[in-house]
Amino acid sequence: MEKFTTIKKIKYEGPESKNPLAFKYYDADRVIMGKKMKEHLPFAMAWWHNLCAGGADMFGRATANKSFGAKEGTMEHAKAKVDAGFEFMQKLGIEYFCFHDVDIIPEADDIKETNRRLDEISDYILVKMQETGIKCLWGTANMFSNPRYCNGAGSTNSADVFAFAAAQVKKAIDITIKLGGKAYLFWGGREGYETLLNTDVKFEQDNIARLMKMAVAYARKQGFTGDFYIEPKPKEPMKHQYDFDAATAIGFLRYYGLDKDFKLNIETNHATLAGHTFEHDLRISAMNGMLGSIDANQGDYLLGWDTDEFPFDVYNATMCMREVLMAGGITGGFNFDAKNRRPSYTVEDMFQGYILGMDTFALGLIKAAELIEDGRLDKFIKDRYASYYDSEVGKKIISDSTNLEELFAYAEKLGAPELPGSGKQEYLQSVINSVFFK
């Protein structure tokens with residue numbers, strides 16, 4: 001039975017359209033730099049926000065009705081969410097979804113019953129996938145909501161809780177493989193600490209790595225060939241989270257020998273909470289060969305927590321897409337880990353949030369391609385480091401064929417270097433404006 005009877009299939013109508021239920025920039029088959037827009041932007045629906053979150057916060061109850069015609073907390077409701085989700089994705093032309101285990105079913109008090117429910121609902125989802133061609137981008141286990149994970153999952157001080165987390169990861173991997181997921185994600189929502197007065201950091205990080213290694217070993221034994229992801233986040237809910245940013249997560253993965261199996265899932269809002277730009281964490285991931293997937297959202301710069309807003313900042317999306325294009329694309333996709341604002345509680349708001357996000361990244365892709373084709377930014381960067389390629393001493397430095405003694409003698413002969421070339425930041429920013437508004 002159709003869940004969204006007032007919403008027709010969302011179509012591309014172009015920038016001049018005033019239709020609130022139409023794409024203005026996302027034209028799935030438009031070719032940009034040799035690829036269709038939908039190939040550059042494999043969008044995914046976040047099951048938890050779109051089908052589960054009703055707008056409740058610490059100060060008030062939910063405003064949006066996400067029952068979809070069924071009693072909440074039942075398997076009938078779980079199936080109604082599946083029906084709604086696939087109809088939603090079809091009407092928007094979204095080809096992927098992402099999920100946590102307890103997004104798709106109501107968690108039972110006993111793990112055996114929870115797993116039975118996961119088997120039942122994944123059978124139902126699989127039928128919908130076969131009917132529609134919609135695919136699973138990645139799956140994960142929610143190891144942060146239940147009170148048992150108040151001290152973390154891999155980082156917990158309880159061996160029993162650790163064992164339960166391992167069992168939950170195993171089942172989530174099984175369901176991800178069953179649904180053909182391209183990747184499996186670890187989001188360490190509570191993998192961190194509040195105070196060093198009661199924490200053995202080295203012990204906790206060792207245990208997190210042990211859990212991840214067990215997950216990789218199990219999944220590979222089952223024939224899973226996809227990537228594993230870490231999603232960096234600096235804080236909230238824990239004060240000090242172990243996967244603070246891209247650089248920290250990469251260092252952790254390399255230290256524990258996990259870097260051959262893991263890549264990063266970078267979220268806009270998490271990067272800015274770490275004091276970085278979105279493009280910074282993307283660049284750090286890409287230059288280390290570990291850019292896997294993207295959570296497409298944005299935060300509110302006036303608020304110090306993870307607001308998960310639908311992206312509307314085209315400048316930010318353009319800088320993101322420039323990094324993605326320069327990296328040759330991503331192996332994962334663009335998951336809208338985003339939710340409507342609490343006062344935006346209607347069915348139309350659900351669709352308009354995704355239309356906003358998809359249009360924002362589509363326009364970002366268009367402008368990023370124009371920046372690259374314009375060439376001025378790339379030429380300036382190349383010219384800025386020309387002394388390393390054009391001079392004898394520069395060539396020796398980057399070919400590792402000199403030493404401190406030789407450079408000491410060179411510097412003495414030189415006397416004093418001239419100032420390095422101007423960074424021309426203001427000029428480069430004006431180049432961006434000229435491409436945006438030509």
(message) Between Lys128 and Asp123 (salt bridge meaning N to carboxylate O under 4.0 Å), is one present in this structure?
(response) no
(message) Whether the side chain of Asn50 engages the backbone of Ala46 through a donor-acceptor N/O pair (distance < 3.5 Å, no angle test) should be reported.
(response) no
(message) Donor-acceptor pair, distance only, cut-off 3.5 Å: does the side chain of His270 make one with the backbone of Pro232?
(response) yes
(message) Using the rule ring pair (Phe, Tyr, Trp, His ring centres under 6.0 Å), only one of Phe4, Phe310, Phe23 pairs with Phe351; which is it?
(response) Phe4
(request) May I ask you to decide if Ala56's main-chain N or O and Arg61's side chain share a donor-acceptor pair within less than 3.5 Å? (result) no
(request) Decide whether Glu191 and Ser155 meet the rule of one side-chain donor and one side-chain acceptor closer than 3.5 Å. (result) yes
(message) Applying side chain to side chain donor-acceptor pair (under 3.5 Å) to Lys24 and Ser17, what does each step give before you reach the verdict?
(response) CA-CA 6 Å; Lys24 317 305 184 296; Ser17 174; 5.0 Å; no
(request) Taking atom NZ of Lys35 as the centre, report whether more than 12 heavy atoms of other residues, nucleotides or ligands fall under 6.0 Å from it. (result) yes
(request) Evaluate the criterion side chain to side chain contact (heavy atoms under 4.5 Å, CB included) for residue pair Met321 and Leu41; output intermediate values, then yes/no. (result) CA-CA 9 Å; Met321 293 312 302; Leu41 297 166; 3.7 Å; yes
(request) Give the C-alpha distance, both sets of side-chain angles, the deciding distance and a yes or no for salt bridge (charged side-chain N to carboxylate O under 4.0 Å, His left out) between Asp261 and Arg220. (result) CA-CA 10 Å; Asp261 293 288; Arg220 298 300 184 223; 3.0 Å; yes
(message) Are Phe88 and Tyr354 an aromatic pair, judged by ring center distance below 6.0 Å?
(response) yes
(message) Taking the side chain as everything from C-beta on, heavy atoms only, tell me whether Tyr256 gets closer than 4.5 Å to Ile208.
(response) no
(request) I would like to know whether Asn297 and Asn269 meet side chain to side chain donor-acceptor pair (under 3.5 Å); could you show each step before the answer? (result) CA-CA 6 Å; Asn297 62 19; Asn269 205 171; 5.0 Å; no
(request) Determine the minimum heavy-atom distance between Leu302 and Asp300, stating which atoms define it. (result) N-OD1, 2.8 Å
(request) Mark yes when over 12 heavy atoms from residues, nucleotides or ligands other than Lys112 sit less than 6.0 Å from its NZ; otherwise mark no. (result) no
(request) Over 60° means perpendicular and under 30° means parallel, so classify the ring planes of Phe224 and Phe228, tilted if in between. (result) perpendicular
(message) Between Glu87 and Lys3 (salt bridge meaning N to carboxylate O under 4.0 Å), is one present in this structure?
(response) no
(message) Give me the atom names and distance for the closest heavy-atom approach of Arg210 to Asn207.
(response) NH1-OD1, 2.6 Å
(message) On a heavy-atom basis, which atom in Asp119 and which in Lys178 lie closest, and how many Å separate them?
(response) O-NZ, 3.3 Å
(request) Please round to the nearest 0.5 Å and tell me the distance separating atom NZ of Lys171 and atom OG1 of Thr176. (result) 11.0 Å
(request) Answer yes or no: is there an ion pair linking Asp245 with Lys233, defined by an N-O contact shorter than 4.0 Å? (result) no
(request) Report yes if the side chains of Phe68 and Leu51 come closer than 4.5 Å at any heavy-atom pair, otherwise no. (result) yes
(message) What I'd like to find out is whether the side chain of Arg30 reaches to under 4.5 Å of the side chain of Tyr25, using heavy atoms alone.
(response) no
(request) Output yes when Arg117 and Glu120 qualify as a salt bridge under the 4.0 Å nitrogen-oxygen rule, no when they do not. (result) no
(request) Could you tell me whether Glu107 and Arg148 make a salt bridge, using a distance below 4.0 angstrom between a side-chain N and a carboxylate O? (result) yes
(request) Give the C-alpha distance, both sets of side-chain angles, the deciding distance and a yes or no for side chain to side chain donor-acceptor pair (under 3.5 Å) between Asn265 and Asp295. (result) CA-CA 7 Å; Asn265 183 72; Asp295 269 12; 3.2 Å; yes
(request) Decide yes or no for Met37 and Ile366: does some side-chain heavy atom of the first lie under 4.5 Å from some side-chain heavy atom of the second? (result) yes
(message) Suppose we call two aromatic rings close when their centres sit under 6.0 Å apart. Are Phe262 and Tyr229 close by that rule?
(response) no
(message) Take a 6.0 Å sphere around OH of Tyr345 and say whether it holds more than 12 heavy atoms from other residues, nucleotides or ligands.
(response) no
(message) Quick check on the 6.0 Å ring-centre criterion: do Tyr26 and Phe43 meet it?
(response) yes
(request) Side-chain contact test, heavy atoms from C-beta onward, threshold under 4.5 Å: evaluate it for Met319 versus Leu371 and give yes or no. (result) yes
(request) Decide, yes or no, whether a salt bridge links Lys91 with Glu2 under the criterion of side-chain N to carboxylate O below 4.0 Å. (result) yes
(request) Evaluate the side-chain proximity of Phe334 to Pro42: yes if any heavy-atom separation is below 4.5 Å, no if none is. (result) yes
(message) Please check this pair: side chain of Glu323 against backbone of Cys320, looking for a donor-acceptor N/O pair closer than 3.5 Å.
(response) no
(message) Tell me if a side-chain donor or acceptor on Lys66 pairs with a main-chain N or O of Ala53 at a distance below 3.5 Å.
(response) yes
(message) Does this structure show an ion pair linking Asp174 with Lys170, if we count only N-O contacts that are shorter than 4.0 Å?
(response) yes
(message) Let me confirm one number: the NE2-OG distance from His77 to Ser67, rounded to the nearest 0.5 Å.
(response) 6.0 Å
(message) I need the minimum non-hydrogen distance between Lys9 and Gln90, along with the two atoms involved.
(response) NZ-O, 2.8 Å
(message) Once rounded to the nearest 0.5 Å, what's the spacing between atom CD of Gln241 and atom CH2 of Trp187?
(response) 6.5 Å
(request) With side chain to side chain donor-acceptor pair (under 3.5 Å) as the test, would you mind laying out the steps for Asp313 and Gln298 before giving the verdict? (result) CA-CA 8 Å; Asp313 186 336; Gln298 68 181 61; 5.4 Å; no
(message) Run Leu253 and Tyr255 through side chain to side chain contact (heavy atoms under 4.5 Å, CB included) and show every step you take.
(response) CA-CA 6 Å; Leu253 293 172; Tyr255 180 81; over 6 Å; no
(message) As a quick check of understanding, evaluate side chain to side chain contact (heavy atoms under 4.5 Å, CB included) for Lys263 and Leu291, giving each step before the final call.
(response) CA-CA 6 Å; Lys263 288 184 170 64; Leu291 177 56; over 6 Å; no
(request) For Phe436, look at atom CZ and say whether over 12 heavy atoms of other residues, nucleotides or ligands are found less than 6.0 Å away. (result) yes
(request) Output yes when Asp306 and Lys235 qualify as a salt bridge under the 4.0 Å nitrogen-oxygen rule, no when they do not. (result) no
(message) Quick one, Tyr149 and Thr156 - any side-chain contact, counting heavy atoms below 4.5 Å?
(response) no
(message) With rounding to the nearest 0.5 angstrom, report the CD1 to NE2 distance, Ile330 to His40.
(response) 11.5 Å
(message) With heavy-atom distances below 4.5 Å as the criterion, would you say the side chains of Asp374 and Glu370 are in contact?
(response) no
(message) Using every non-hydrogen atom in the two residues, find where Cys136 and Leu179 come nearest and quote the distance to one decimal.
(response) CB-O, 3.6 Å
(message) Any salt bridge linking Lys339 with Asp349? Criterion: basic side-chain nitrogen under 4.0 Å from a carboxylate oxygen.
(response) no
(message) Any carboxylate oxygen within less than 4.0 angstrom of a Lys/Arg side-chain nitrogen, looking at Asp83 and Lys79?
(response) no
(request) Check whether the ring centres of Phe252 and Tyr242 lie less than 6.0 Å apart, and answer yes or no. (result) no
(message) I need the minimum non-hydrogen distance between Ala78 and Ile105, along with the two atoms involved.
(response) CB-CA, 4.3 Å
(request) Identify which one of Phe186, Trp48, Trp47 satisfies the ring pair (Phe, Tyr, Trp, His ring centres under 6.0 Å) criterion when paired with His100. (result) Trp48
(request) Given side chain to side chain contact (heavy atoms under 4.5 Å, CB included), test Glu309 with Arg341 step by step and report yes or no. (result) CA-CA 7 Å; Glu309 297 183 27; Arg341 299 302 85 196; 3.4 Å; yes
